[in-house]
Amino acid sequence: MLVGLAPYRLAVLGRHSTTVPTWSEDRRRGLPLWAYELLRENIGVVHQHGEVKRSRIARLARNRDSSVVAGIIQTGINGFSADLVNTITGVVSHNRTTEEAEFIPFFFLIVSPPGLDFGLLLLQKFGALGVKDFFVEPIVASFTSENPGKRLRVTRQVPSDLAVRLLQNSIIKKVKLIKYQNVGDLVDSLGRGFRENTSSIEYVLTSKTADGFPRTNRFLDALTMRRNPVALFALEGFEHDAVKIEIEVNGRKRIINLARPDIVSPVVDVTDDVTRGRDGHPTWRSLLTCFSDYAVDAYRDEGHELDIDINMVQDESARRLLRGELAVPRA
């Protein structure tokens with residue numbers, strides 16, 4: 001299952017929608033510390049989103065100066081019963097009731113160093129599943145309520161020239177030629193096993209070398225609309241409608257549609273950068289390391305060299321709280 005990293009930019013807006021520092025001048029109060037205290041009050045509390053969606057903060061931690069906050073938010077749905085079956089023995093191990101929800105864990109990281117006017121929120125994706133709606137909307141609403149005259153703006157971290165910057169610093173691993181229309185004849189020629197309602201067919205060119213395809217100016221010209229992307233390649237008997245490239249940046253895979261660089265997905269595939277535990281989910285430490293490394297790179301891209309401290313001085317778990325093993329200290 002793909003493990004993704006979805007980056008968002010955090011900014012605090014004052015009156016007239018002007019950006020203000022995320023920390024006070026004395027550095028005693030800041031956006032990540034506010035978020036930590038808000039989330040800390042909700043560890044283990046199940047929140048309702050609509051009729052059947054549920055979430056809770058299952059783990060929360062911060063570093064010494066509270067510029068980094070990390071945690072786990074679990075989400076799921078209830079309202080229906082189901083049998084949980086052991087797929088090896090075929091035995092029903094549990095009968096899930098309508099009041100129970102299968103909670104899936106998602107990692108999050110908030111980074112906002114003092115002295116800068118923006119922060120980063122990094123959310124884990126698990127396959128196609130994510131937690132933006134569960135996590136962002138309640139925080140934004142709480143911030144507005146608790147900070148009169150200010151509001152928290154959360155936007156996708158997608159610079160306008162992201163595709164060009166990615167291409168300039170990447171290895172081109174694959175080129176995909178895509179045909180969207182009139183694929184019926186081609187499908188028929190492939191024989192059985194293909195349906196007539198196929199909407200697209202890809203012809204994939206894969207590099208056999210570790211250095212990938214030559215990063216020629218033709219690709220950059222296509223991204224900046226100085227050249228028609230479709231005209232970059234010509235294959236006899238295959239008239240394609242679009243060209244996508246799979247690139248590798250710092251060991252991470254990204255897909256770019258040469259004709260639509262404006263819609264490049266900000267989600268980063270970090271599947272190979274994390275370690276999975278016995279439960280099948282990435283381990284806390286590997287996620288913390290992977291996400292903080294991304295944050296360092298993201299700040300560097302904007303001209304800020306940071307040494308992010310990921311040594312957590314406070315780490316609390318909902319499971320331990322419910323068992324009475326850990327008392328939540330009050331500020």
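- With hydrophobic clusters built from ILVMFWY side chains whose heavy atoms lie under 4.5 angstrom apart, V45 does not share a cluster with I73.
- Other residues, nucleotides and ligands contribute more than 12 heavy atoms inside 6.0 Å of the CD atom of E146.
- Atom OG in S66 sits 5.5 Å away from atom CH2 in W23 (nearest 0.5 Å).
- Checking E102, R56, R54 one by one against Q74, the side-chain hydrogen bond (donor to acceptor under 3.5 Å, both in side chains) holds for a single residue, R56.
- More than 12 heavy atoms of other residues, nucleotides or ligands sit less than 6.0 Å from atom CD of E202.
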TODO: Assess whether salt bridge (Lys or Arg N to Asp or Glu O under 4.0 Å) is satisfied between R59 and E316, documenting all intermediate values.
DONE: CA-CA 6 Å; R59 185 172 181 177; E316 300 164 7; over 6 Å; no
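- Distance CZ/F213 to CG/L205: 5.0 Å, rounded to 0.5 Å.
- Salt-bridge formation is not detected for the pair K179/E239: no Lys NZ or Arg NE/NH1/NH2 atom is positioned less than 4.0 Å from an Asp or Glu carboxylate oxygen.
- The structure places NE2 of H47 at 7.0 Å from NE2 of H49, a figure rounded to the nearest 0.5 Å.
- Rounded to the nearest 0.5 angstrom, Y203 OH and I178 CD1 are separated by 14.5 Å.
- Members clustered with V46: F103, by chain and number, using a 4.5 Å side-chain heavy-atom cutoff among hydrophobic residues.
- R64 CZ: 12 or fewer foreign heavy atoms inside a 6.0 Å radius.
- Taken together through direct or relayed side-chain contacts under 4.5 Å among Ile, Leu, Val, Met, Phe, Trp and Tyr, I247 and L2 form parts of separate hydrophobic clusters.
- Taking a 6.0 Å sphere around CD of E25, one finds it holds 12 or fewer heavy atoms contributed by other residues, nucleotides or ligands.
- Salt-bridge annotation for R9 and E302: present, with a side-chain N of the basic residue lying under 4.0 Å from a carboxylate O of the acidic one.
- The CG atom of D83 lies 9.5 Å from the NE2 atom of H94; values are rounded to the nearest 0.5 Å.
- Put simply, CG on N63 and CG on D309 are 5.0 Å apart, with the number rounded to the nearest 0.5 Å.
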- [ ] Could you give me the CA-CA distance, side-chain angles and deciding distance for T283 and S286, then say whether side chain to side chain donor-acceptor pair (under 3.5 Å) is met?
- [x] CA-CA 5 Å; T283 64; S286 69; 2.9 Å; yes
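- Look at E37 and R29 and you find a salt bridge, because one of the NZ, NE, NH1 or NH2 atoms lies within 4.0 Å of a carboxylate O, short of that distance.
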Compile the donor-acceptor pairs under 3.5 Å between side chains in residues 114-139 and protein atoms, sequence neighbours left out, one pair per line.
| unit_1 | atom_1 | unit_2 | atom_2 | d |
| --- | --- | --- | --- | --- |
| Q124 | OE1 | F107 | N | 2.9 |

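- For F233, there are no ring pair (Phe, Tyr, Trp, His ring centres under 6.0 Å) partners at least two apart in sequence or on another chain.
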